[in-house]
Amino acid sequence: MSSKKRTLDTFFTPTSTKKAKIEESQEPPSNHPTYPFPVPQLSQSILNGLELAPEVKGKVINDQPDLDLLYFQPYIPKDISLDLFRFLRQSLFFYKVQYTIKRGSVETNITTPRYTTVFGVDESSQFAPDGSLVDSATKRPIPKDRYKCRPRPLPQCLEALRMLTEASTGETYNFCLVNYYASGNDSISYHSDDERFLGANPAIASFSLGAKRDFLMKHKPPSKAGHLNTGDVPTLQAESKSLKLPLGSGDMILMRGPTQSNWLHSIPKRKGADAEKGRINITFRKAMVKAGTENYYTYNVGSGGVSKWDEAKGEVMPWK
DNA sequence: TTAAATAACACAG
DNA sequence: TCTGTGTTATTTA
């Protein structure tokens, strides 16, 4: 029998290289019955880097009507933001959600042009230490039929980021949505995060990791903006410019106050040099009622198969 | 300088 | 909130 001993030449090549290998944590991975597979904890070097976050003080952007942003450029220290990006891309499970929409009579199949995943549960419930769901008020197990979906707790790696974000924004969050844009061809078109289950003036913290992508914002048309436009007298709409923020790795933008009810945002497709590099977007938000939980698991997990980053292929692939 | 090629943008369905 | 298409802006030869 040939032994598994290393040959002479491999003995003299390093077993790990600093840049290719992602440092592993000694702590046990996060797991839960709803996870397709366990999620490793953050490495000590990333945890050390996060202690320095936010890297800079947030800059307030409120010089447009109904706009209130807090922009950290960056929030995650530059020297670990790419490590964090690679860690999350490699460690999380992702979904490519498909759904159908009806436009008048025609039904169209939509494949979302990005990968998504989601963790968290709305304010009516919470996760007990053992991972089960309990009612927030009574702390008793929730009725079996409260949710059609199966809510998942945040893994430690995202929980750490959530706590940091709460501390530096003065807000609280119970949901974490993660998007992976594989290339400049992946996108999200103009929309607002103004669902009723988020409440009136939701605060949403949005992190950008990996490739730089433009984040576009424009005011909603007057007919759809969240103003009570009741009077018969035509109101003079103050002119508002569109914004283009070049979100770099580690940047965080907090959207708060009247922003969601009055502004749209998007990540448009981009061609060219940086089109080949991936970007991860992490948002923290707070869903107030159970409808939010059902919505997020429908549109960010869906019912299709699990996908996972394939390091050899260099892309997210169907898992198993 | 000009014009073709490419990318961004706006809007309809 | 997607895709397609026509228009406008930018880049390049």
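A, B, ... follow the sequence lines: proteins, then strands. Residue 1 opens every chain.
No engagement by Y299(A) is indicated, since no non-hydrogen atom pair under 4.0 Å with the nucleic acid exists.
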Counting only pairs under 3.5 Å, give me each side-chain donor-acceptor contact of residues 196-206 of chain A, with atom names and distances, residues two or more places apart or in other chains.
unit_1: S206(A); atom_1: OG; unit_2: N281(A); atom_2: ND2; d: 2.8

Tell me which donor-acceptor pairs under 3.5 Å the side chains of residues 247-258 of chain A have, and how far apart each pair is, sequence neighbours excluded?
unit_1: S249(A); atom_1: OG; unit_2: S81(A); atom_2: OG; d: 2.8
unit_1: S249(A); atom_1: OG; unit_2: G210(A); atom_2: N; d: 2.9
unit_1: D251(A); atom_1: OD2; unit_2: Y71(A); atom_2: OH; d: 3.2
unit_1: D251(A); atom_1: OD2; unit_2: G248(A); atom_2: N; d: 2.9
unit_1: R256(A); atom_1: NH1; unit_2: D68(A); atom_2: OD1; d: 3.0

For a quick test of your reading: what N or O donor-acceptor pairs under 3.5 Å do the side chains of residues 157-164 of chain A make, sequence neighbours left out?
unit_1: E159(A); atom_1: OE1; unit_2: R162(A); atom_2: NE; d: 3.2
unit_1: E159(A); atom_1: OE2; unit_2: R162(A); atom_2: NE; d: 3.4
unit_1: E159(A); atom_1: OE2; unit_2: R162(A); atom_2: NH2; d: 2.6
unit_1: R162(A); atom_1: NH1; unit_2: E166(A); atom_2: OE2; d: 2.7
unit_1: R162(A); atom_1: NH1; unit_2: Y173(A); atom_2: O; d: 3.1

Quiz: residues 55-63 of chain A side-chain donor-acceptor pairs under 3.5 angstrom, not counting sequence neighbours:
none

Sub-3.5 Å pairs of nitrogen or oxygen atoms, protein against nucleotides 4-11 of chain B:
unit_1: dA8(B); atom_1: OP2; unit_2: K271(A); atom_2: N; d: 3.4
unit_1: dC9(B); atom_1: OP1; unit_2: K244(A); atom_2: NZ; d: 3.3
unit_1: dC9(B); atom_1: OP2; unit_2: R270(A); atom_2: NH2; d: 3.1

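Y99(A) has its OH atom 6 Å from the C1' atom of dC2(C), to the nearest Å. For K96(A) and dT1(C), the NZ to C1' distance is 15 Å, given to the nearest whole Å. Between the C1' atom of dT1(C) and the CG atom of D193(A) lies a distance of 12 Å, rounded to the nearest Å. To the nearest angstrom, P of dT3(C) lies 9 Å from CG of N185(A). For the pair N109(A) CG and dT3(C) C1', the computed distance is 13 Å after rounding to whole Å.
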Checklist entry - What string of B, S and - do you get for nucleotides 7-13 of chain C, 5' to 3', when a contact is any protein heavy atom under 4.0 Å? => result -------

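The stretch residues 285-307 of chain A participates, sequence neighbours left out, in these salt bridge (charged side-chain N to carboxylate O under 4.0 Å, His left out) pairs: D193(A)-R285(A).
Using bins of under 30°, 30° to 60° and over 60° for the plane-to-plane angle, the ring pair F94(A)/Y180(A) lands in the tilted bin.
Not one side-chain nitrogen or oxygen of R114(A) sits closer than 4.0 Å to the OP1 or OP2 atom of dT1(C).
Under a 4.5 Å side-chain heavy-atom cut-off, the cluster of Ile, Leu, Val, Met, Phe, Trp and Tyr residues that includes Y190(A) is completed by L216(A), L264(A). Counting side-chain heavy-atom gaps under 4.5 Å among Ile, Leu, Val, Met, Phe, Trp and Tyr, the cluster of F127(A) also holds V121(A), L133(A), I142(A), Y147(A).
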